[in-house]
Amino acid sequence: DPVVRDEPPAPDQGGGVGEGRMADAEAAQKPLVPMAAEIVARMGVPGVKAAMERIGLAGGHVRLPLLPTPAADLAIIDTLLGESAVVTGD
């Protein structure tokens, strides 16, 4: 039988949304918006893979027809990661 809930479950990661702390959740996400706009929206999959590699995750190689992230974009990724609260694998 399916589980029926009166309310949606709270997110496992915390952050305040499920606890009625929307302002805390918005404040936690706000510094990540410029990084997401640049890396995810503009650079796409190659940028995301490069950013993952930069923080110690396995981003993997980009497959054709996509091309590897250009050096100029890698520098932008490094800057954005340095300015954010993203934990690196270093």
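In what follows, every heavy atom counts, from backbone to side chain, and hydrogens, waters and symmetry copies are set aside.
- Between the side chain of Glu53 and the backbone N or O of Ala58 there is no donor-acceptor pair closer than 3.5 Å.
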Output a table of donor-acceptor pairs, distance under 3.5 Å, between side-chain atoms of residues 37-49 and any protein atom two or more places apart or on a different chain; print 'none' if there are none.
| from | atom 1 | to | atom 2 | distance (Å) |
| --- | --- | --- | --- | --- |
| Glu38 | OE2 | Arg42 | NE | 2.5 |
| Glu38 | OE2 | Arg42 | NH2 | 2.8 |
| Arg42 | NH2 | Asp73 | OD1 | 2.6 |
| Lys49 | NZ | Gly59 | O | 2.8 |

Output a table of donor-acceptor pairs, distance under 3.5 Å, between side-chain atoms of residues 27-35 and any protein atom two or more places apart or on a different chain; print 'none' if there are none.
none

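- Hydrophobic clustering (ILVMFWY, side-chain heavy atoms < 4.5 Å, transitive): Ile76 and Ile55 are in one cluster.
- Note on Leu66: it does not cluster hydrophobically with Leu74, by side-chain heavy-atom contacts below 4.5 Å among ILVMFWY residues.
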